[in-house]
Amino acid sequence: MTTIQGVAADMIANNLEPFEPSHPGVVLKEELECRNILQKRFSEQTGIPYTALNEVLHGKRAITPEYALLIEAALGIESGFWLRMQMEYDLIVAKRSPQFLEKLKKVSKYAAVL
């Protein structure tokens with residue numbers, strides 16, 4: 001395990017992963033609720049299909065770069081914020097997937113031979 005000045009790297013605050021990662025859509029849902037913006041109105045305002053928006057807000061669909069730009073135009077919250085949050089969420093989910101971890105082990109074995 002890697003240490004930095006005698007402290008395990010995974011115990012440094014900036015390296016900690018949340019127990020339950022937050023999907024950016026759930027954060028967006030809270031933002032809309034705080035601003036009293038209905039999903040239907042936001043869908044119409046941004047041009048994001050209602051069903052797609054609903055899936056995003058319930059963590060079942062990713063925020064794409066296009067959606068992030070539309071959200072930025074509508075709410076003034078930078079698109080990069082949404083995309084970084086989506087990337088972090090996706091990375092945590094991937095690292096916790098048993099099937100993906102098995103695939104990583106196989107790749108690591110092959111890479112060691114190269």
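In this chain, numbering begins with 1 at the start of the sequence shown.
- For His23 (side chain) and Arg61 (main-chain N/O), a donor-acceptor pair under 3.5 Å exists by modelled atom type.
- Put simply, the side chain of Glu31 does not reach to within 4.5 Å of the side chain of Val27, judged on heavy atoms.
- Tyr50 and Ile48 are not part of a single hydrophobic cluster, where members link through side-chain heavy atoms under 4.5 Å apart.
- Under the 4.5 Å side-chain criterion, counting only non-hydrogen atoms from C-beta, Ile63 is in contact with Ile71.
- Side-chain heavy atoms closer than 4.5 Å link hydrophobic residues (I, L, V, M, F, W, Y) into clusters, and following such links, possibly through other members, connects Trp82 to Leu57.
- Within 6.0 Å of CD on Glu33 lie more than 12 heavy atoms contributed by other residues, nucleotides or ligands.
- Using a 4.5 Å cut-off on side-chain heavy atoms (C-beta onward), Ile37 and Leu75 make contact.
- For the pair Glu88 and Arg84, the salt-bridge criterion is not met [side-chain N within less than 4.0 Å of a carboxylate O].
- The cluster map of Ile, Leu, Val, Met, Phe, Trp and Tyr, joined by side-chain heavy atoms under 4.5 Å apart, puts Val56 and Ile77 in the same cluster.
- A distance-only check finds a donor-acceptor pair linking the side chain of Glu72 to the backbone of Ser79 [under 3.5 Å].
- At a threshold of 4.5 Å between non-hydrogen side-chain atoms, the residues Leu32 and Leu38 do not count as touching.
- Counting heavy atoms from C-beta on, the side chains of Ser22 and Met85 come closer than 4.5 Å.
- Between the side chain of Thr46 and the backbone N or O of Phe42 there is at least one donor-acceptor pair closer than 3.5 Å.
- Both Leu53 and Phe81 are members of a single hydrophobic cluster when ILVMFWY side chains are connected at heavy-atom separations under 4.5 Å.
- Within the 4.5 Å cutoff, the side chain of Val93 has no heavy atoms near those of the Phe100 side chain.
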